[in-house]
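Chain identifiers are assigned alphabetically (A, B, ...) following the order of the sequence lines, protein sequences preceding nucleic acid strands; residue numbering begins at 1 within each chain.
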Amino acid sequence: MSYTLQYGQIWPYLPFLLDGALLSLQIAFLAFCGGLFIGTLGAAGKTFGGPIVKRLINVYVVFLTNTPQLVQIYFLYFALPDVGILLSSYVAVLIGMTLNAGAYLTEIQRAGFESVRQTEMEAAETLGFSRAQQIRYVIMPHVARVLFPPLSNHYILMTLGTSMAAIFGVEELTGRAFNVNAETFRSIEVFSVTALMYIVITVAATAILAVIGRVLLRARMRII
Amino acid sequence: MPRLDIVDLKAAYGSLTVLDGITVSVGSGKVLGLIGPSGSGKSTILRVLVGLLKPAAGRVLLDDVEVRYSNAGDVKRVRDQLAIVFQQYNLFQNMNVLDNVTIAPVKIRGRSRGEVEQDARELLAKVGLADKLKSYPDELSGGQQQRVAIARALALKPEILLLDEITAALDPELVSEVLDTIRVLASEGMTMLIVSHEMGFIREVSSKVAFMADGKVVEMGAPAQIFDAPSEERTRDFVSKILRH
Ligand SMILES: Nc1ncnc2c1ncn2[C@@H]1O[C@H](COP(=O)(O)OP(=O)(O)OP(=O)(O)O)[C@@H](O)[C@H]1O
Ligand SMILES: [Mg+2]
């Protein structure tokens with residue numbers, strides 16, 4: 001068996017693939033932000049809410065962290081039309097990933113909220129801090145520092161997870177790679193270049209996040 | 001002048017009565033040493049004084065004015081005048097040494113940063129940490145952290161300082177550096193309430209010592225009396241046991 005690598009053939013498709021990579025980044029970013037919003041509410045509800053609120057949030061978290069994300073998106077894309085809700089593939093993927101992230105980020109952030117040291121709060125209280133000042137000066141900086149590394153990790157995972165959008169025909173990086181492959185039949189070249197693009201994206205994101213975390217929050221993070 | 005009177009104070013955690021009628025007082029510039037077995041309620045007295053636990057009964061008088069702990073204004077006033085240092089230092093982990101010391105005077109009291117920083121540098125120099133201003137708590141030894149906590153308490157210029165087992169979490173070789181700091185404060189006339197198991201130290205710095213057991217003050221008197229000639233059986237037991245160690 002001999003196979004001659006011909007990267008030249010897919011060279012013209014590079015801008016097309018890069019464009020797809022931008023869409024991947026966009027999906028990951030939007031879903032992460034949405035998930036962060038849900039996760040903050042969820043974690044606050046689980047930490048400070050009443051029993052019914054806690055129960056409801058639990059149901060949400062258990063359902064979404066114990067079913068495959070693919071099934072969740074299939075549900076949005078194929079099952080919802082049966083009850084009259086039609087979503088485009090892009091929207092279905094975005095909503096699916098947002099809801100999924102919301103569940104995971106609820107759990108991650110709750111752990112951060114709970115790691116606030118009661119003793120530090122008491123010290124703040126006896127120094128005369130009001131409740132709002134305790135949140136502002138003690139809780140928030142602590143939570144940000146503790147949560148930044150796991151949130152960064154989840155963001156990286158989500159970036160890679162966007163590739164499942166290809167299944168629904170969304171033309172993000174993987175979807176476009178699939179199309180280029182169908183046109184050129186240079187599978188090794190197409191998918192190795194695609195893999196390399198994912199690596200560059202995640203390694204760059206990891207490094208940037210680690211620098212931000214270390215400089216701004218004194219978080220313990222390795223820069224690659 | 002700061003003077004603190006505690007009259008028949010009672011406090012409970014749920015149904016567990018922890019303070020069962022405590023009456024003690026500290027005069028201006030005096031040091032009251034609180035000793036007693038574990039669980040006797042020493043820490044609880046300090047927690048009630050700074051408003052972390054509401055008293056169930058009894059009175060606390062600060063300069064002859066009663067403190068109503070159910071009244072937010074009174075609690076604020078008492079926190080302006082009393083400062084507490086905890087056994088576990090409880091420094092703000094996300095702030096460096098200088099910020100730990102300056103945050104309350106600047107953000108809570110609204111004093112000018114320049115002036116507060118000047119004071120903080122002096123205080124930190126006094127506790128031997130002039131070269132650690134930019135360090136974070138997790139970069140310091142236990143003894144250093146405890147001295148930062150003392151400086152943080154002093155930065156609010158309290159009239160009375162409450163110290164709860166401030167050397168208990170320290171390695172023996174670090175204890176003396178913290179105790180030296182307190183000795184200086186005592187000699188400068190700081191009014192203090194000190195809970196400690198360091199009997200030699202308590203004896204040396206206290207004007208008066210109260211021995212507690214089961215939420216009550218069993219015996220109170222001059223250090224020489226409590227340590228050399230206790231009149232109560234329980235005091236004698238405790239003192240002889242602890243001094244033998
Ligand atoms: N947060 C709490 N909830 C319930 N009970 C508590 C709490 N804190 C203390 N207690 C109980 O109150 C009693 C007095 O505790 P306190 O901490 O005042 O004792 P102490 O004299 O300071 O003891 P030690 O020398 O061990 O520090 C103990 O029986 C303790 O178990
Ligand atoms: Mg105690």
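- A/Thr159 and A/Tyr198 share no donor-acceptor pair across their side chains, judged by distance under 3.5 Å alone.
- In terms of heavy atoms, A/Val190 sits closest to A/Ala177 at CG1-O, 3.3 Å.
- Atom CZ of A/Phe178 is surrounded by 12 or fewer heavy atoms from other residues, nucleotides or ligands within 6.0 Å.
- With chain A as partner, the option from B/Phe92, B/Tyr89, B/Phe86 having the largest number of non-hydrogen pairs under 4.5 angstrom is B/Phe92.
- A 6.0 Å sphere centred on NZ of B/Lys54 holds more than 12 heavy atoms belonging to other residues, nucleotides or ligands.
- Residues meeting the side-chain contact (heavy atoms from CB on, under 4.5 Å) test with A/Thr119, sequence neighbours left out: A/Arg117, B/Asn90.
- The two residues B/Leu156 and B/Pro105 make their nearest non-hydrogen contact at CD2-N, 3.9 Å.
- Between the side chain of A/Arg176 and the backbone N or O of A/Phe16 there is at least one donor-acceptor pair closer than 3.5 Å.
- The shortest non-hydrogen separation linking A/Gly42 to A/Ile57 is O-CD1, 3.5 Å.
- For the residue pair B/Thr191 and B/Glu159, the shortest heavy atom distance occurs at CB-O, 3.6 Å.
- In this structure, A/Phe37 places its CZ atom where only 12 or fewer heavy-atom neighbours from other residues, nucleotides or ligands lie under 6.0 Å away.
- Each of B/Leu52, B/Asp80, B/Val50 has some count of heavy-atom pairs under 4.5 Å with chain A, and the biggest count is that of B/Leu52.
- A salt bridge is defined here as a Lys NZ or Arg NE, NH1 or NH2 lying under 4.0 Å from an Asp or Glu carboxylate O, and B/Asp5 with B/Arg3 meets this definition.
- Listed for the A/Asn66 side chain is a donor-acceptor partner under 3.5 Å among the backbone atoms of A/Val62.
- Applying a 4.5 Å heavy-atom cutoff, none of the residues of residues 31-44 of chain B approach chain A.
- For the residue pair A/Ser89 and A/Val170, the shortest heavy atom distance occurs at OG-CG2, 3.6 Å.
- Nearest heavy-atom pair, B/Gln87 versus B/Gln146, reported as atom, atom and distance to 0.1 Å: O-NE2, 3.3 Å.
- Looking at B/Gln88, there are no atoms closer than 4.5 Å to chain A (heavy atoms on both sides), in backbone or side chain.
- With A/Glu172 contributing its side chain and A/Gly20 its backbone, the two residues share no donor-acceptor pair below 3.5 Å.
- Along residues 106-113 of chain A, no residue comes nearer than 4.5 angstrom to chain B, judged on non-hydrogen atoms.
- Contacts between residues 127-157 of chain A and chain B, counted as heavy-atom pairs separated by less than 4.5 Å, involve A/Leu127, A/Gly128, A/Phe129, A/Gln133, A/Tyr137, A/Val138, A/Pro141, A/Arg145.
- Interface remark: B/Asp138 contributes side-chain atoms only to the contact with chain A (heavy atom separation under 4.5 Å).
- Highest contact tally toward chain A, considering only B/Lys107, B/Arg109, B/Met95, is held by B/Lys107 [criterion: heavy-atom pairs under 4.5 Å].
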